[in-house]
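Notes for the one structure printed next.
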There are 2 protein chains.
Amino acid sequence: MSSEDVAQARERVIESMEQSAEVYGLSRSAGRIYGVLYFAEEPLSIPTLVEATGYAKSTVSNVTRKLSRLGLIHRRSSDGGGRRVRFEAEREVWFIIQDVFQQYIDREIQASLRTLQRAEGQLPAEGRSHEAERIQDLRDTYEDLQEIVALTSGLSVSELREALEAYE
Amino acid sequence: MSSEDVAQARERVIESMEQSAEVYGLSRSAGRIYGVLYFAEEPLSIPTLVEATGYAKSTVSNVTRKLSRLGLIHRRSSDGGGRRVRFEAEREVWFIIQDVFQQYIDREIQASLRTLQRAEGQLPAEGRSHEAERIQDLRDTYEDLQEIVALTSGLSVSELREALEAYE
DNA sequence: TCGTTTGTTCGAGATGAACCGAACAAAGTG
DNA sequence: CACTTTGTTCGGTTCATCTCGAACAAACGA
């Protein structure tokens, strides 16, 4: 039966997404729910997801909210006129990665930069201690990183690849 | 006292590293131990780190091993002739990020690609199901990602910034 | 050789996250 | 107005991780 093959292939990919979710700091349930939505042909409601994944209703509710906030899935409310909330996967994986970068890494970079600048302001100006040099090294790198994130945030995956290949 | 200011600034930066460590999937102790080593003027032994951080010897032992494996710090054994193991921080933060990419993200990409290729091989050739298209979309993106990681792995942070700024 | 220092490994306690089931609120349907 | 369906929130359980202290192994020094 080829439909069984299709189902098995689909299941394997979803299992791989469960694994990937852990690497990206998400739960396994988040990976599975995203996977089911990724292959779905239409937006799915929470009861449908409960049946498709086997997770409890509360788990699906919490995970879908988290995934929505991160931009991995989208709420399609007031679709068929019902009050049912339906979810659709963002299938452009590159967008997801960019968003995660924006929301995790960039926030982290900015918080670190703030701390570093405050620390530098506290240091005596003349002494030029080796701590001051170390802190300035950190700040330089983080500013480069911030700039790189900003530069890549507007590029598609093929544009980024092109930019890197052109530089040789 | 300006030396107190220096110590306080150093402490703030180390606290920021504790925070960052959590974002990168490491423990707070890992952030602090790396921070102490980052500001140290010479490689430090485990007892010294115990005194400087307040963590137990076993914790320092486990964390230094993990940080060494990840490439964030380096073992400097047989340095002064003694059998003391001494650790030195890798201060090029960009190297660290590249290593993390190499060891975490790239491995993850390759594992996913393997799964996707196996899943594609299992699908019936004629049917051209919508699952097949979805899986192929995923594979295309992951191959682009793999290529991007490969292209950036040899570049310094300023080269990467230059490459992106040149593409406009 | 015996004691000391250094580093690793083991088991235990504490902390936090994931997940579940139940209770609850809101809105549609008879 | 009941009744059902949907979605959120809350408390509890389970499980992994962090950290500690103690026991142990290896090597150095007196």
Side-chain angles (χ1 to χ4, degrees), chain A residues 14-15 17-37 42-70 72-88 104, chain B residues 14-15 17-37 42-70 72-88 104:
Chain A
I14 292 179
E15 280 172 7
M17 289 176 172
E18 283 182 338
Q19 191 95 14
S20 302
E22 285 189 329
V23 176
Y24 297 142
L26 299 172
S27 58
R28 295 186 71 82
S29 56
R32 172 156 296 269
I33 289 173
Y34 174 82
V36 168
L37 289 174
E42 55 184 3
L44 302 182
S45 66
I46 288 186
T48 314
L49 283 171
V50 167
E51 206 217 338
T53 63
Y55 283 108
K57 201 170 47 159
S58 54
T59 302
V60 174
S61 174
N62 289 322
V63 170
T64 49
R65 178 176 25 188
K66 181 163 195 174
L67 290 176
S68 295
R69 184 158 37 85
L70 292 175
L72 276 77
I73 65 178
H74 304 288
R75 290 180 80 107
R76 301 291 183 217
S77 50
S78 74
D79 190 296
R83 258 299 152 255
R84 296 245 287 269
V85 182
R86 291 165 177 274
F87 296 95
E88 189 173 21
Y104 272 78
Chain B
I14 292 180
E15 279 171 7
M17 288 175 172
E18 283 182 337
Q19 191 94 13
S20 301
E22 284 188 329
V23 175
Y24 297 142
L26 299 172
S27 58
R28 294 185 72 81
S29 56
R32 173 155 294 270
I33 288 173
Y34 174 82
V36 168
L37 288 174
E42 54 184 4
L44 302 182
S45 66
I46 289 186
T48 312
L49 283 170
V50 167
E51 207 217 335
T53 63
Y55 283 109
K57 202 171 45 161
S58 54
T59 302
V60 174
S61 175
N62 288 322
V63 171
T64 48
R65 178 174 28 189
K66 182 163 194 175
L67 289 176
S68 294
R69 184 159 37 85
L70 293 175
L72 275 79
I73 64 178
H74 304 289
R75 291 179 80 109
R76 301 291 184 218
S77 50
S78 72
D79 191 296
R83 259 297 152 258
R84 297 244 286 271
V85 181
R86 291 164 177 276
F87 296 95
E88 189 174 20
Y104 272 77

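These numbers were taken from a predicted model, which means no experiment stands behind them. Note on naming: letters A, B, ... go to the chains in the order of the sequence lines (proteins, then strands), and numbering restarts at 1 for each one. Side chains included, hydrogens not; waters and symmetry mates left out as well; all remaining heavy atoms used.
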Tell me whether the side-chain N/O atoms of B/T59 come closer than 4.0 Å to OP1 or OP2 in D/dC20.
yes
Measuring from A/E88:CD to A/S68:OG, what's the distance to the nearest 0.5 Å?
11.5 Å
Can you check whether A/R65 has a side-chain N or O nearer than 4.0 Å to OP1 or OP2 of D/dT9?
yes
A/L26 CG - C/dA17 P separation (whole Å):
14 Å
Map A/G54 and A/K57 onto DNA chain C by nearest heavy atom, then report which one ends up closer to the 5' terminus.
A/G54
Side chain of A/N62: nearest nucleotide among D/dG7, C/dT8, D/dT9?
D/dT9
Taking only side-chain N and O atoms of B/S29, does any of them lie within less than 4.0 angstrom of OP1 or OP2 on D/dT19?
yes
If you count every heavy atom of other residues, nucleotides or ligands that lies below 6.0 Å from A/E22 atom CD, does the total exceed 12?
yes
Would you kindly give the CD-to-P distance between B/E18 and D/dC18, to the nearest whole Å?
14 Å
Between D/dT6 (P) and A/L44 (CG): distance, integer Å:
13 Å
With a 3.5 Å cut-off and heavy atoms only, can you find an N or O donor on one side and an acceptor on the other between the side chain of A/S58 and the base of C/dG21?
yes
Nearest-neighbour nucleotide for the A/A56 side chain, D/dT9, C/dG21, D/dT6 considered
C/dG21
I need the minimum non-hydrogen distance between A/I73 and A/Y34, along with the two atoms involved.
CG2-CD1, 3.9 Å
Heavy-atom nearest nucleotide on DNA chain D for A/S45 versus B/A30: which residue maps closer to 5'?
A/S45
Polar side chain donor-acceptor pair, A/S58 to A/S61, under 3.5 angstrom
no
Write down the distance between CD1 (B/I73) and C1' (C/dG7), rounded to a whole number of angstrom.
14 Å
Separation of C/dG16 P from B/E22 CD (nearest whole Å):
10 Å
Nearest whole angstrom, please: distance from the C1' of C/dT8 to the CZ of B/R84.
17 Å
Nearest-Å distance for atom pair CG/P, residues B/L49 and D/dT19:
14 Å
Are more than 12 heavy atoms from other residues, nucleotides or ligands located less than 6.0 Å from atom OH of B/Y104?
no
Here the distance between atom C1' of D/dC18 and atom OH of B/Y55, to the nearest Å, is 9 Å
At 4.0 Å (heavy atoms only), tell me whether B/S27 reaches a base, stays on the sugar-phosphate, or touches nothing.
sugar-phosphate
What's the closest nucleotide to the side chain of B/K66 if the choices are D/dC18, D/dT8, D/dG21?
D/dC18
